2 protein chains.
Amino acid sequence: MNIKQEDIKHRLAEKGLKVTPQRIFVLDAIQSLGNHPTADLIISHVQKNHPNIASGTVYRVLDVLVENQLIKRVKTERDVMRYDGIMEPHHHLYCAESETIRDYRDEELDGILAEYFERKRIRGFNIEEIKLQIKGKFQKP
Amino acid sequence: MNIKQEDIKHRLAEKGLKVTPQRIFVLDAIQSLGNHPTADLIISHVQKNHPNIASGTVYRVLDVLVENQLIKRVKTERDVMRYDGIMEPHHHLYCAESETIRDYRDEELDGILAEYFERKRIRGFNIEEIKLQIKGKFQKP
DNA sequence: GTGGTTGCAAACCCTTTGCACGGCA
DNA sequence: TGCCGTGCAAAGGGTTTGCAACCAC
């Protein structure tokens, strides 16, 4: 019926994970909330419609999802843990003042980086992922 | 007498900070420890020679030093806070397996990035610092 | 002198965990 | 039936904080 939920179920099953309501609701919350929500936000959002889901469970679900690469953990310098539902490689703009994270994507940049690291290998280190953290300030409107 | 300590005192004074023994010892510890020490490590190192310095004080000193840009905070996905005494721009190799951070510096890379962001400005965002987090694995020897 | 710093210890808060129960294979 | 997943509540552990004493300037 609900296309979004069917998709989530599919993604869980694909990883060989048991499809439980709790996992569905957490993944759904991360997608709905967007913008790198904290565990706290996710918990409130989930509990709004399902008050009987324990916060400990949400934390455990988040761990499972990260381990299975369905979401990512994001941490900034002065912040609690946040979660990111977007698995395609992308970079982050981070504004310390407002504690905000915004995504930044640009294929040209990724190309430039790939070319650079193709050329300059780092001895003794196998690169798996390259992320830019661009610190700065969002201009006030 | 001690050149290193004189230098530290100078750097504190330069920022208009009061030069207290606690601040000197903490800065000294970060430099001696290198390798992005945790607060815990810094506390032990400081307390080894000065057992009467409270851990709460170390945390407060670390905050002051970060605010005044004498050190940086570093956080990884699954880790406690770490501190970095190197203020020149540099990037980080991060190995999740061993929870290790190693510095990576290359002027050519910085040049490439500067050129790219010179060309592509990000609307509504003023860039202050660009950091690469290169995730991967250190090869076993 | 005096306002910023420190020591101490308690509080905080996010996160993890032990345990018994529940549900799906 | 067996086992993973969950709810609950308590513990954990890194970090922060209130307050009185202290000290750098």
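On a predicted model such as this, the values are computed, not experimentally measured, just so you know. Here is the naming used below: chain letters follow the sequence lines, and residue numbers restart at 1 for every chain. All values below come from the heavy atoms of this structure, side chains included, with hydrogens, waters and symmetry mates left out.
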*Roughly, in whole Å, what's the span from NZ in A/K18 to P in C/dG22?*
16 Å
*asked:* Can a side-chain donor-acceptor contact be found between A/H36 and A/D103 if the only test is distance below 3.5 angstrom?
replied: yes
*To the nearest 10 degrees, what angle separates the axes at the start and end of the helix from C/dG1-D/dC25 to C/dA25-D/dT1, five pairs each?*
40°
*Can you tell me how far P of C/dT16 sits from CG of A/D40, to the nearest Å?*
13 Å
_If I take atom NZ in residue B/K75 and atom C1' in nucleotide C/dC14, what distance separates them, rounded to the nearest angstrom?_
10 Å
*Under 4.0 angstrom, heavy atoms only, what part of the nucleic acid is B/N52 near: base, sugar-phosphate, or nothing?*
sugar-phosphate
*Do side-chain atoms of A/K131 reach the backbone of A/H91 as a donor and acceptor pair under 3.5 angstrom?*
no
*Determine whether more than 12 heavy atoms belonging to other residues, nucleotides or ligands lie under 6.0 Å from atom CD of B/Q69.*
no
*Using atom CD1 of A/I43 as one end and atom C1' of C/dT16 as the other, report the distance to the nearest whole Å.*
12 Å
*The side chain of A/R23 lies closest to which of these nucleotides: D/dT15, D/dG5, C/dG7?*
D/dG5
_Is there a side-chain contact between A/R60 and the phosphate of C/dT16, meaning an N or O under 4.0 Å from OP1 or OP2?_
no
_Sugar-phosphate, base or nothing in reach of B/V64, heavy atoms under 4.0 Å_ = nothing
*Report yes if a side-chain nitrogen or oxygen of A/T20 is closer than 4.0 Å to either non-bridging phosphate oxygen (OP1 or OP2) of D/dG5; otherwise report no.*
no
*Taking the nucleotide of DNA chain D with the closest heavy atom to each, which residue, B/R73 or A/I53, is nearer the 5' end?*
A/I53
*asked:* In terms of relative ring orientation, are A/F25 and A/H50 parallel, tilted or perpendicular, with 30° and 60° separating the classes?
replied: parallel
_Rounded distance [0.5 Å steps], OH in A/Y94 versus OG1 in A/T76_ = 3.5 Å
*Could you check how far CG of A/L65 sits from P of D/dT6, rounded to whole Å?*
10 Å
*Starting from the 5' end of DNA chain C, give me the residue, B/Q22 or B/G56, whose nearest nucleotide shows up first.*
B/Q22
*Report the distance from atom CG of B/L12 to atom C1' of D/dA24, rounded to the nearest whole Å.*
12 Å
_Rounding to an integer number of Å, can you tell me how far A/E67 CD sits from C/dT16 P?_
11 Å
*Any donor-acceptor pair under 3.5 Å linking the side chain of B/T100 with the backbone of B/S98?*
yes
*Over how many whole Å does the gap from B/L17 atom CG to D/dC23 atom C1' extend?*
16 Å
*Establish, from distance only, whether the side-chain atoms of A/D28 and A/Q5 form a donor-acceptor pair under 3.5 Å.*
no
*Phosphate OP1/OP2 of D/dT16: any B/Y59 side-chain N/O under 4.0 Å*: no
